[in-house]
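Ligands are counted one by one from 1 in listed order, and the atoms in each one are counted from 1 as well. This one's a predicted model, so the numbers in the text were calculated from it and none came from an experiment.
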Amino acid sequence: MKPQKSILLADAESFYASVETVHDPSLRGKPVAVCGDPALRHGIVLAASKEAKAYGVKTGQPAWECRRLCPEVIFVRPHMSRYLECSLEMTRVFEQFTDRVVPYSIDEQFLDLTGCSRLWGEPREAARRILQQVLERTGIRCRIGLGENPLQAKMACDRFAKKRTDAFFELTGANYAAHVWPLPIGSLFGVGSRMEHHLRRMAVRTIGDLARLPRESLTRRWGVNGRLLWLNAHGIDYSTLQPGKPAPQKGVGHCATLPRDYISRQEIETVLLELTAEVCYRARALGKMGTTVHAYCRGADFDRPSGFSRQQKLPEPAAALSAVYPTVQQLFRRHWDGRPVRALGISLSGLADRHCYQLSLFNRRELTDSLSAAVDQVRERYGPTALFQAASLTQGGQLFARANMIGGHSR
Ligand SMILES: [Mg+2]
């Protein structure tokens, strides 16, 4: 029999707000909200300190609502590079305890401590030490959920450890139902607000209600997702943590969720052009070109999923915008059903070395290559908005909105 696994999920408390407080100790003990740009209507709270949360401030709230709930709130602009640095420092602490560390998000990381009890004591004791070390090295408080698989660890952390004074909770196959089943259905991992709505209409109010439904009825209704929800409700998770270096890159891709639903072909194609430019730039930065382009389009209606995900081989390997975009446009025009679009994505795969290509008598490849090289030089020196396709200035263009962001947030 295989030994029982000990999987930990460590989650940083109010991560962005905590990092800002470490950076500026005068913020300590005060209601702090990290927020895009509070002056703009679309300023959204990205994180709130626990003092701000006590007023009802939540991640995702608009700045004005946050100010209404808590007039003395202190808005701080986000600094993504600080958060990345702090997240890496946390990884370094975790790696002192195990070589099996898998980041899940910027402020959540899985640790596999299976078989480490001789070194660090029982998992509860190891967790205590880890929390202590992270606090000493970074000033950040974490919470740890322990489970026999990643799902149990995640549920233990999100639903229990966050509310405990010792910031720790353990779920096992044996106690999962007793602790988790009484919780409302919306608190199950994988259940979003739409799914919660559907389930409540089926009289599923608690996680236990879902767990007691026959698995087949969920699979019939939602396919793989239904099966996954049923497994989640039972605390079963067959996935394994895959630590180590990411696999060598097989493709480069980029996607965008649109700020509103797009219905005009011209607007959508503007974003496709921007995404293609970005993907080509990334491929060139790796010294690669792609042989196949993949376009993805998701419709705006959740209940009646629409959109497509199609790929096509390029006439010849390429990493220049002018060579890749026509294929993207072709894919889109062929497969788009004309319904509103919420998200778009482009990727290049089958990456080949950029400097091995077939010379052609009919197109002057050196010319497009030197144009690309000149564009890249300008971009590296002056940033992504120094030189761009004029279409980005038209309605629908997302280049400027996205240029100042890392992973969807400002730098
Ligand atoms: Mg967190």
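- The minimum heavy-atom distance linking Tyr325 with Leu272 is given by the pair CE1-C, 4.0 Å.
- Ion pairing between Arg129 and Glu136 fails under the 4.0 Å rule for side-chain N and carboxylate O.
- Ser18 and Glu13 are not linked by any side-chain donor-acceptor pair at a separation below 3.5 angstrom, with hydrogens and angles left out of the test.
- For Phe97, the ring-ring contact (aromatic ring centres under 6.0 Å, His included) partners two or more places apart in sequence, or in a different chain, are Trp120.
- Residues that satisfy the side-chain hydrogen bond (donor to acceptor under 3.5 Å, both in side chains) test with Glu148, not counting sequence neighbours, are absent from this structure.
- Any protein N/O/S atom under 2.8 Å from the Mg ion (ligand 1) was counted, giving 3 altogether.
- With sequence neighbours left out, Tyr83 forms a ring-ring contact (aromatic ring centres under 6.0 Å, His included) with Tyr16.
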